[in-house]
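To keep things clear, I will list the structure first and then write my remarks on it.
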Amino acid sequence: MAHTGTHSQPVRSCLLLVVVSVCVQQVHGVWPLPQQLHQSADRGCLSPQRFSFTYGRDSAAQTGCSVLDAAFKRYFSIIFPDFTKGSGLLQYVWSEPQPFVVSVSVKTGGCDGYPDEDSDESYNLSVSEGQAVLRSVTVWGALRGLESFSQLVYQDDYGSYFINKTEIVDFPRFAFRGLLLDTSRHYLPLHAILKTLDAMAYSKFNVFHWHIVDDPSFPYQSRTFPDLSNKGAFHPFTHIYTQSDVMRVIEHARMRGIRVVPEFDSPGHTQSWGKGQPGLLTPCYKGGVPSGSFGPVDPTIDTTYKFMESLLKEVKFVFPDSYVHLGGDEVSFACWQSNPNVRKFMEKMGFGKDFTKLESFYMESIMNMTAALNRTSIVWQDVFDYHERPRSKYVVEVWKQGCYLCEMRRVTKAGLKVILAAPFYLDLPIPTHSWARYYIVRHLAFRVQRTEEQKKLVIGGEVAMWGEYVDATNLTPRLWPRACAAAERLWSNEEKTLNADLAFPRLEEFRCELLRRGIQAEPLFVGHCKHEYDGL
Amino acid sequence: MTWVEVNAAPELIHTPPLRLKQKSADRTALNTDMYCLLKCSPLILAVAVCHGWLFGDFVGKQKELDEISLWPLPQKFQSSAVAFKLSPGSFQIVHAKQSSAGPSCSILVNAFRRYFEYMFGDLKKHEKSRKKVYDSDLAELQVWITSADPECDGYPSLQADESYELSVDEPSAVLKAANVWGALRGLETFSQLVYRDDYGANNINKTDISDFPRFAHRGILLDSSRHFLPLKVILANLEAMAMNKFNVFHWHIVDDPSFPYMSRTFPDLSQKRKGAYHPFTHVYTPSDVKMVIEFARMRGIRVIPEFDTPGHTQSWGNGIKNLLTPCYSGSSPSGTFGPVNPILNSSYDFMTQFFKEISTVFPDAYIHLGGDEVDFSCWKSNPDIKKFMVQQGFGTDYSKLESFYIQRLLDIVAATKKGYMVWQEVFDNGVKLKADTQIHVWKERPQYQDEMAKVTAAGFNALLSTPWYLNRISYGQDWVNIYKADPQNFTGTDAQKKLVIGGEACLWGEYVDATNLTPRLWPRASAVAERLWSDKSVTDVGNAYKRLVQHRCRMVKRGIPAEPLFVGHCRQEYMGL
């Protein structure tokens, strides 16, 4: 194209290209689908040189807002990857670039705070010629809006950047949209966790459920009980998360509006704790003598509760989130049963032979501790199942296969909040095309006796990536883009996202976008991306 | 074998005391004496009790030996508890004096460097330790090529002799092989014998190995049509293949979805719309192909390209006019196309020229011609084809038409002096084949054991892939079933069994691209590798698990993102991403 240098030319070139675009019929979707989205075929050019983010005049946050300043920097590189990679080939001399300003206004400040369960993530985005206006109540909403904005920008075959005229009104369907990583069965290097947080933000996930310790290893380096990782990690120096590692994860997550909910699962799943904390686990007996092996945490002795209290105090100090996951799943009673002291205790407490009562006794104690520390407990559904009439408020995470909707009904009927994880176990390596199975999950489909109140108690869902067969070598492609399907179910309007066939081309496009952003997301089916994954 | 017998092999054993004296210069006399005492006493003990040698399943018997995890397990193997230290600063891999190969043998020279780095890491990191030379019990590995022609500039072939003998003892280890192909396998084994003790020092135990592959054809199929695989991914997998002693890269280079092979004779195949996914970013240029072949050659790996016809050819259609059969809907062309049109002479003219190019680009003696899953419905719809069927007296048996096509194609390829491999359908459909044709068994029904029996009963070479479709995944340790399958596990005579030349692990590309290929393939393909290399009797899953866990950590350490088998950890976790 010729270099004309007149002022009217660039506008006309854009219009010319509009005509072309109508024929090409490209999809420029946003994933997950916004609640309301109106796009027109009118599009405007974006030039990296004349593009800027600003704070709106009425915004409560202004320059110096850590979260948004960092987000502007991040999203500039995401929107203009070629610009930052230094390939100058894409700059056209034939037209004077037009300025484009994204003005961000938030109602409340809170730039140094942490996202929480009540955080308002809604935003309005209006894109017109030369500008976009993004309004939100909180900085967290602004982050979601910036993500949507970045997905609206696309490049044509000549490398020019465009954005269509767009109006978006958006808010999440559920407040809790989580992703679980298991760093105990395999150690995940810090950069694998940080990268996952990046990808979570792209799909508007907002909770990182860190299943940080379990039977196989204890990689969390405790300041109060350093022996836990010294003796319980796979390796005391290379396979641990130091306090500064944990802080880095929390800050990286905060910058992306993601909460970090740690899980210290007990009384089962604690084999690795025993090495660094002698006397914590129940000694198992065989034929009247200790067999040398250990079972769950010993719930009959005071030292256990003292230890748990100190540990939970530390957890409160280290992790700012108001939720703490206390686990409570899959407790094997065989060892307790074998131990004479435990049996004596059962008798004393009048539990008879019902060991579920013993577990409830233990869980109740540590949930009370947690409540005293001003934290909300999340537990796996086992705890609820053993103790259907809860004495205190806690959040139940439903994980068992089978009729998970029945369980949701029971939990909400008991007046407890619930998170659904059962259909989202992504560590099962089914072929990618079965992503549709995550897509059709209906959280609120338990119709019997459902009231509005009960519906509100369903606070969200969570994808779980358990670590038996997953480590840094295969984590990312196994997570993405399948987790994206769950993300859309948790964010978007249910009625507009019922059809997996309609979602397919959008998800395919989003997967390519993830690749462009350096996320090793596996393919949905035969095909290609313009920018293939460049790693190994 | 006893220790004494081994000692009697004169060319392998040198006299240990000499070395100690030579190197004692920088030690005090006392230290030397103590050192000698410490190091020699287990040796003496071993001789006296004759227990120093442990057969095959030594794993777990000793803590240090735990670190050794040979994969695939060598055919004959003895190791003793006597450990020698290797110093990265002074250890060398050298050509033996008697060797017919020398410094001009690029395959070996490159392999020396590669394996040195696998064992000791980047040379530059050792600059410091190089300066303060400390003792190495084992001074060098001598590589001795025994045949007059070391084949330094050749290509590996089906007939290549990959056997080798390895003896590790003070002060030199000796690797003896007829030519470079055996030496490459021996170098891999040697590198696997080296382990780090708790102080970070490199150790190797006194070992004798005599090794050779059970099957001559041990392949991996990658599919670069359903998804384009960047060169980097292919090369990394060739590296991983060498670590597992695979020797055939079956390159399923084109198929329905795309044609990334850039042909010199027919550039339109990849350059026209709907040929390659993208004519510049998603193609293999001639130099890319050359690079793959050379990279593979350096590792003793053959590259067998597959150009699958007459089906699986949708992507060919836009680049070559009239190649594909126009499908009809009713009495008029529907605008869609089917398999290669077998009734036009132009189809065969094209194939003649095309395969002439392929036969010069790919040096291997074999080409895979595909021939699988031909859909007859389009042929059936086409009135010209129907007419042709009548003329030829094929009736309505379209497999006869397929045979007609394949028959002519085989003649074309035979004229280029290449042998060919075909998928089992070609055999099943009764196409007349050259005696040395290799039949690639892949179908689940009929049972592959029956098919293997049938193919070999007819006197053809057979290759097995059915149990090794690694694109199929499930939860849990599926490597176990992969490991248990055996290509000779069918009812047949010894002569029939001998016709089984090996097998291939296949990773089809519907759901696989650069993002997930490597962890999906490794270490599951390693299970196939051991089945095809090691002795038939090597079937202990428990023992294999222990070794494979270590082997996967070794691959991770070498930069291959091989996924975990189960809960656990590696000393060096994967640092990519």
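Proteins come first, then strands; the chains are lettered A, B, ... in the order of their sequence lines, and each starts at number 1. In this text the structure is predicted, and so the values were computed from the model without any measurement.
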For chain B, which candidate among A:Gly527, A:Ala521, A:Ser217, A:Ser184 shows the most heavy-atom pairs at distances under 4.5 Å? A:Gly527
Point-to-point distance, once rounded to the nearest 0.5 Å, from CD of B:Glu510 to CZ of A:Phe525: 6.0 Å
Can you tell me how far apart CG (B:Leu517) and OH (A:Tyr533) are? Round to the nearest 0.5 Å. 12.5 Å
Which value, rounded to the nearest 0.5 Å, describes the distance between B:Arg552 atom CZ and A:Asp471 atom CG? 4.5 Å
For B:His227 and A:Glu532, does a side-chain donor sit closer than 3.5 Å to a side-chain acceptor? no
Is it true that atom CZ of A:Arg248 has more than 12 heavy atoms of other residues, nucleotides or ligands lying nearer than 6.0 Å? no
What I'd like to find out is whether the side chain of A:His191 reaches to under 4.5 Å of the side chain of B:Met575, using heavy atoms alone. yes
Intermediate values then yes/no, side-chain contact (heavy atoms from CB on, under 4.5 Å), A:Lys530 and B:His278: CA-CA 8 Å; A:Lys530 201 163 155 194; B:His278 188 282; 5.9 Å; no
To the nearest 0.5 Å, atom NE2 of A:His186 lies from atom NE2 of B:His569 at 10.0 Å
Any chance you could measure A:Glu468, atom CD, to B:Tyr475, atom OH, to the nearest 0.5 Å? 4.0 Å
Quick check: do A:Thr473 and B:Met555 have side-chain heavy atoms less than 4.5 Å from each other? no
For A:His239 and B:Glu573, test the side chains for any donor-to-acceptor distance below 3.5 angstrom and give the result as yes or no. yes
Any side-chain heavy-atom pair from B:Ser225 and A:Val526 closer than 4.5 angstrom? no
From B:Leu565 CG over to A:Tyr469 OH, what is the distance, rounded to the nearest 0.5 angstrom? 9.5 Å
Heavy-atom pairs under 4.5 Å with chain A are the metric here; pick the option from B:Cys570, B:Gly568, B:Pro561 that has the most. B:Gly568
Residue among A:Thr238, A:Asp534, A:Leu515 with most heavy-atom pairs under 4.5 Å to chain B: A:Asp534
